[in-house]
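Here is the structure we will look at.
For clarity, every value in this text was computed on a predicted model and none was experimentally measured.
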Amino acid sequence: KSNMWNDEYQNNEVHVRDGVYGVVTGSCKSGLFVKLENGQEAFALFGGLFPGTEVFCTVLKKATETWRVLVAIDSVLAEPTAA
């Protein structure tokens, strides 16, 4: 018996308004690149965080062939320690 809720989460796809965890992987002048918990690459119009920073995000737009998933960073969970 198939359950739509189980099927939805087994394909690892994110949906608009989903809350997801991620790690900042880099930045540019426009924002941050984030690797989401499901392995997808995302982009956030946000600044001032270093690579390795763990964040909690809300999905704003799904990925297309041209663009990454667009997320809003809601909270910073952990920042990398200084060397």
Value for CH2 (Trp67) from CD (Glu41), rounded to nearest 0.5 Å, stands at 15.5 Å

Worksheet entry | Val76 side chain reached by Thr53 side chain, heavy atoms, under 4.5 Å | yes

Taking every heavy atom of Cys57 against every heavy atom of Asp74, the minimum-distance pair comes out as C-OD2, 3.5 Å

CG of Leu60 to CG of Asp18, rounded to nearest 0.5 Å, is 11.5 Å

Given the options Phe46, Phe43, Phe50, Leu32 meets side chain to side chain contact (heavy atoms under 4.5 Å, CB included) only with Phe46

Please step through side chain to side chain contact (heavy atoms under 4.5 Å, CB included) for the pair Val59 and His15, ending with a clear verdict.
CA-CA 7 Å; Val59 176; His15 302 286; over 6 Å; no

Quiz prompt | N/O donor-acceptor pair under 3.5 Å between Thr25 side chain and Phe33 backbone | solution = yes

Item to complete: Report yes if the side chains of Val23 and Val34 come closer than 4.5 Å at any heavy-atom pair, otherwise no.
Response: no

Rounding to 0.5 Å, atoms CG (Asn38) and CD (Glu13) come to a distance of 9.5 Å

Are Val69 and Lys61 side-chain neighbours, meaning at least one heavy-atom pair lies under 4.5 Å? no

When you group the ILVMFWY residues by side-chain heavy-atom contacts below 4.5 Å and let the links chain together, are Tyr21 and Val71 in the same group? no

One should read off an interatomic distance between Leu49 CG and Ser27 OG, to the nearest 0.5 angstrom, of 9.0 Å

For Pro80 and Pro51 the tightest heavy-atom approach is CG-O, 3.4 Å

Closest heavy-atom pair, Ala63 versus Gln40, reported as atoms and distance to 0.1 Å, is CB-NE2, 4.4 Å

Flag, side chain of Ser75 to backbone of Leu77, donor-acceptor distance under 3.5 Å: no

Looking only at heavy atoms, the pair that brings Arg17 and Thr58 closest together is CA-CG2, 4.0 Å

Next on the checklist: Donor-acceptor check, side chain of Glu54 to backbone of Ala78, threshold 3.5 angstrom: yes or no?
Outcome noted: no

